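Structure first, commentary second.
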Amino acid sequence: MNLHVPTLMVALMLGFALLTLQVSLAHRRTRSRHELALWSRGCFCLMLDFVLLAADRGQGGLLTSLGQAAQWAGLAFYAQALHWLLLGHAGPRWLVHSQPWAWAVLLALQLVGVSLAGRVAASSLYCAALLASGVVVIRLRGWNAERSLRLVAVSLAGLVLVLLWRGARLLWTEDTIVSLSEAGPIQELAMLATYVGMLGAGFGFVMTVFERTAAQLELMATQDGLTGCLNRATTDELLAQALRQARRAAQPVAFVLMDLDHFKRINDSHGHQTGDEVLRRFAVAVRQRLRASDVFGRLGGEEFGLVLPATDPAGARILVDDVREAVAALQLQGRDGSPIRLTVSAGIAVALPGQEMSAERLYGRADQSLYEAKRCGRNRTELYGASREAEPAAADAGAGAAPVLRAADASERRVG
Ligand SMILES: Nc1nc2c(ncn2[C@@H]2O[C@H](COP(=O)(O)OP(=O)(O)OP(=O)(O)O)[C@@H](O)[C@H]2O)c(=O)[nH]1
């Protein structure tokens, strides 16, 4: 194999110019992504490296040394971007502050006349250290996150191995490099592998950031930001899905509506922020008592819904009473330090096997039970059909009598 190094540098320069452009454009659209800004700086520095190496025609002169300095800066930015993405800071101190020292060493090596082989060896080992820090942070903090990040880690780990091998070989064997254009096939291959690996890691990083952004957008579209519960639309969808699955498996599904009691008073007496904190603590308390298959959604203000697959009326009541007890036991304080007593009312409706039940109808029944629980004094659980005062037929029909007004409203809501 015989590479024409200046031509290779021009090709790589164009590749990195495109990458720099792509990352910079992406960064304009996602201003909050500091890691993209760092990565685009890294790509720009690497592009500069190739410009300088091409201009020097691989002769190993001052321009090559400047190119090496740009390459180090580029790889340091790469490593910092990975730290930022995974840890929210730019990485260890040596990674952020080692550049001026490294450049000073490079200049000293040039001034005392160290051979090109010696300088390339030192550069390879420093680059390996920069990239290794990126590999370590991915392995420790990002391996189970985005798939693209694993590809970045594998590319960088490959680069680290090639760089270590290259540096060690130049230091401890007879290998010499007169100029980068005539470095011999093994060194040329190592050089090619290094630069292509950097390009691969560059595109992988961009994909990772977009994978992460897409996941965050999906989360925002399905979750309630305050409590971390699912939002109304997602809960509706999952209720309809649970009913379809239960019909096929001939199993019951319970749906529970929960509403905090006199929540307005908490807001009025202790302020909206305390009210928000109460909602968060309530959500945590409920979540701790659910199975992985249960669905917990915030349907609006201080109203929450639970979809409990494969749960019969008795099972649902046990769970809901347990939740109510846990909520009543919460140690909450107002802004003046005074205790806040929180209770919740709940209405349960269950779709039994063999029963034709739409999500709207089940929702209406749970809503009527909740209404009963509020009417009978709050801090209690009502099961649809079990209470003597409940009016199942009216709820199902959505009739306009006073007790079922809320149920009628509910049945008009889109569920599923
Ligand atoms: N802090 C806070 N308050 C909210 C939020 N969403 C709704 N609320 C408040 O929740 C209160 C609900 O009040 P009401 O509908 O009168 O119900 P309630 O006071 O709980 O009375 P009952 O349900 O009849 O026991 C209102 O004061 C809303 O402003 C929120 O996200 N944060």
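Keep in mind it's a predicted model, so treat the numbers as computed, not measured. Counting convention: from 1, in listed order, for ligands and their atoms alike. Atoms considered below: every heavy atom in the structure, side chains included; atoms not considered: hydrogens, waters and symmetry mates.
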query = Taking only heavy atoms of L260, which atoms of ligand 1 are found under 4.0 Å from at least one of them?
reply = 20 (O), 23 (O), 25 (O)

message = With a heavy-atom distance limit of 4.0 Å, tell me whether L279 approaches ligand 1 through its side chain, its backbone, both, or neither.
response = side chain

ask   = Any chance the side chains of S98 and Y126 put a donor and an acceptor closer than 3.5 Å?
value = yes

key: Main-chain N/O of G301 paired with R298 side-chain donor or acceptor, under 3.5 Å   = yes

message = Tell me if a side-chain donor or acceptor on N231 pairs with a main-chain N or O of A221 at a distance below 3.5 Å.
response = yes

query = At what distance is the nearest protein heavy atom to atom 22 (P) of ligand 1, and which residue and atom is it?
reply = K374 NZ, 3.4 Å

request  = State if H270 counts as touching ligand 1 under the rule of any non-hydrogen atom under 4.0 Å.
outcome  = no

note = Check: of H262, R280, R298, E302, min heavy-atom distance to atom 17 (O) of ligand 1 comes from E302

inquiry  = Test your reading of the structure: does F263 have an N or O sitting under 3.5 Å from an N or O of ligand 1?
reply    = yes

Per atom 13 (O) of ligand 1, closest listed option by heavy atom (K264, E277, E303) = K264

note = Distance col, row L95:CG vs H83:NE2, nearest 0.5 angstrom, shows 6.0 Å

key: Electrostatic pair R232:D236 at N-O distance under 4.0 angstrom   = yes

request  = May I ask you to decide whether K374 forms a salt bridge with D261, counting only side-chain N to carboxylate O separations under 4.0 Å?
outcome  = yes

query = Can you tell me which residue and heavy atom of the protein come closest to atom 3 (N) of ligand 1, and the distance to 0.1 Å?
reply = N267 ND2, 2.8 Å

note = Note: D276, heavy atoms under 4.0 Å from ligand 1, region reported as both

Residue G275 vicinity, atoms of ligand 1 by number, heavy atom under 4.0 Å = 1 (N)

ask   = Looking at atom 24 (O) of ligand 1, what's its closest protein heavy atom, distance included?
value = R378 NH2, 2.8 Å

query = Which protein non-hydrogen atom lies closest to atom 7 (C) of ligand 1, naming both residue and atom, and how far is it?
reply = G301 CA, 3.4 Å

ask   = Does the pair D268/R265 count as a salt bridge with the N-to-O cut at 4.0 Å?
value = no

request  = Check F205, W84, F77 against W39 for a ring-ring contact (aromatic ring centres under 6.0 Å, His included) and give me the one that passes.
outcome  = F205

